[in-house]
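To start, the structure itself, in structure tokens.
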2 protein chains.
Amino acid sequence: MKKKLSVNHSEICKTRITAIKDTMEILSGKWKFHILGTLLETDRMRFMDLLREVEGIGSKMLSKELQDMEINHLVTRTVQQTKPITVVYEVTEYGKTLGPIIDEIAKWGISYRSSLHSPRDRETA
Amino acid sequence: MKKKLSVNHSEICKTRITAIKDTMEILSGKWKFHILGTLLETDRMRFMDLLREVEGIGSKMLSKELQDMEINHLVTRTVQQTKPITVVYEVTEYGKTLGPIIDEIAKWGISYRSSLHSPRDRETA
DNA sequence: TGCATTGGTTTCCTTTTGGAAACTACTTTC
DNA sequence: GAAAGTAGTTTCCAAAAGGAAACCAATGCA
């Protein structure tokens, strides 16, 4: 038993681990979940609205993150020929498939907050 | 209508957005999902096994990420008085509540891979 | 005429992140 | 007595991420 058969279960999980890496790469950065969470609730928003709504973000970051997500087909960018030109962003149907992830993350975060008040939950279960 | 009532739905989502930020802060960094994904499948692993299993990670990062997660009660560290001292890490019951998130992320990543082969799915739905 | 708003881009800078390699210390094995 | 395995820590460095502020072009409003 010199050489470790480092993994027995490995073959099964490789796919899973790769999948996790893929997803997290697409959703990387400080703001994507935040932007998506916001956009998923309103369905369509203009750039300046997002800038105001996603608190703390600057225009550079917002612009960059939206571009990333557009490239990955998660959101669409539509220019509207209004008086001062406006641009609306919306989550694609494909982007909406991220809904369950965001939901789980939000759910966990909420119960995390609760557990801060009654830390016993975190200790024992 | 001079002043934008920037948000109407805001109050409801604030909690949600905060929850998303909380969760993502705890799971920040390049490796936590990866480590957790690995650890959730095996239940207990030694440091060197993780180092081998989580491909690409170095000992510095592994050590730091494990410490972060220990602080947040997601994993436990147990020293075992074996011949050369060994240390086992395992996901706590509390850490296991992250399971659904990891599952959704893995699920999405897997179907993302598929959609790369038939990109039509990503375009139309 | 001048200021505000729209949707960005660009520049400059700081902070954070992360990796490679060396080193520690202890034990077992060759 | 040298090598190798245990579990890390430390140092040094490069790259990436992110923020603040300035800038731009077009248009509307007063």
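Per chain, numbering begins at 1; letters A, B, ... match sequence-line order. Given the structure is predicted, the values throughout are model-derived calculations rather than measurements.
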How long is the line joining [atom1] of [X] and [atom2] of [N], in whole Å?
{"X": "A:H34", "N": "D:dA17", "atom1": "NE2", "atom2": "C1'", "value": "18 Å"}
{"X": "B:L51", "N": "C:dA20", "atom1": "CG", "atom2": "C1'", "value": "13 Å"}
{"X": "A:I57", "N": "D:dG19", "atom1": "CD1", "atom2": "P", "value": "7 Å"}
{"X": "B:Q81", "N": "C:dT28", "atom1": "CD", "atom2": "P", "value": "12 Å"}
{"X": "A:E25", "N": "C:dT17", "atom1": "CD", "atom2": "P", "value": "18 Å"}
{"X": "A:M24", "N": "D:dA17", "atom1": "CE", "atom2": "P", "value": "13 Å"}
{"X": "B:I85", "N": "C:dT28", "atom1": "CD1", "atom2": "C1'", "value": "14 Å"}
{"X": "A:D49", "N": "C:dG7", "atom1": "CG", "atom2": "P", "value": "7 Å"}

- What are the two closest non-hydrogen atoms of B:L62 and B:L51, and how far apart are they?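 Scanning both residues, the minimum pair turns out to be CD2-N, 3.6 Å.
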- For the student: nearest non-hydrogen atoms of B:D43 and B:E90, plus distance: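 Smallest heavy-atom distance, with atoms named: O-CB, 2.9 Å.
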- Message: So if I apply the side-chain contact (heavy atoms from CB on, under 4.5 Å) rule between B:R44 and each of B:T76, B:L39, B:V75, B:V88, which one comes out positive?
- Response: B:V88
- Using a cut-off of less than 4.0 Å, is there contact between a side-chain N or O of A:K30 and OP1 or OP2 of D:dG19?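 Looking at the OP1 and OP2 atoms of D:dG19, one of them is under 4.0 Å from a side-chain N or O of A:K30.
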- Message: C:dT6, OP1 or OP2 - any side-chain N/O from A:R52 closer than 4.0 Å?
- Response: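 For A:R52, the contact criterion (side-chain N or O under 4.0 Å from OP1 or OP2 of C:dT6) is met.
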- Message: Looking at B:V54, is its backbone amide N or carbonyl O close enough to the side chain of B:T38 to form a donor-acceptor pair, meaning the two atoms are under 3.5 Å apart?
- Response: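 It does not hold such a pair.
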Below 3.5 Å between N/O atoms, which protein atoms pair up with nucleotides 13-16 of chain D? Just atom names and distances, please.
none

- Task: With heavy atoms under 4.0 Å as the rule, sort B:G56 into base, sugar-phosphate or nothing.
- Result: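 No contact.
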- Kindly assign one of parallel, tilted or perpendicular to the pair A:W31 and A:H34, based on the angle between their ring planes and the thresholds 30° and 60°.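 Answer is tilted, since the angle falls between 30° and 60°.
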- Indicate, with yes or no, if B:I105 and A:I17 share a hydrophobic cluster defined by side-chain heavy-atom contacts under 4.5 Å among Ile, Leu, Val, Met, Phe, Trp and Tyr.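 No: no chain of side-chain contacts under 4.5 Å links A:I17 to B:I105.
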- Is there a path from B:V91 to B:V87 through hydrophobic residues (I, L, V, M, F, W, Y) whose side chains come within less than 4.5 Å of each other? yes
- Item | B:Y89 vs A:S59, nearer the 5' end of DNA chain D by closest nucleotide | B:Y89
- Task: Starting from the 5' end of DNA chain D, give me the residue, B:F47 or A:G29, whose nearest nucleotide shows up first.
- Result: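 First, find each residue's nearest nucleotide; the 5'-ward one identifies B:F47.
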- Closest to the side chain of B:M48, out of D:dG19, D:dA7, D:dG28, is D:dA7
- Which nucleotide in C:dT9, D:dT11, D:dG5 has an atom nearest any side-chain atom of B:K60: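 So the nucleotide nearest the side chain must be D:dT11.
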- Query: If we ignore angles and hydrogens, is there a donor and acceptor under 3.5 Å between the side chains of A:S63 and A:S59?
  - Reply: no
- Query: After noting the C-alpha distance and the side-chain angles of B:Y112 and A:T97, does the key distance pass the side-chain contact (heavy atoms from CB on, under 4.5 Å) rule?
  - Reply: CA-CA 10 Å; B:Y112 165 76; A:T97 61; over 6 Å; no
- Does B:D103 come within less than 4.0 Å of A:R16, counting only side-chain N to carboxylate O? yes
- Message: Which residues in residues 61-69 of chain A have a heavy atom closer than 4.0 Å to any atom of DNA chain C?
- Response: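 Going residue by residue through residues 61-69 of chain A, the ones with a heavy atom under 4.0 Å of DNA chain C turn out to be A:S63, A:Q67.
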- Message: Let's test your reading of the model: under 3.5 Å, does the base of C:dT6 pair with the side chain of A:T82 as donor and acceptor?
- Response: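 No, no donor-acceptor pair under 3.5 Å.
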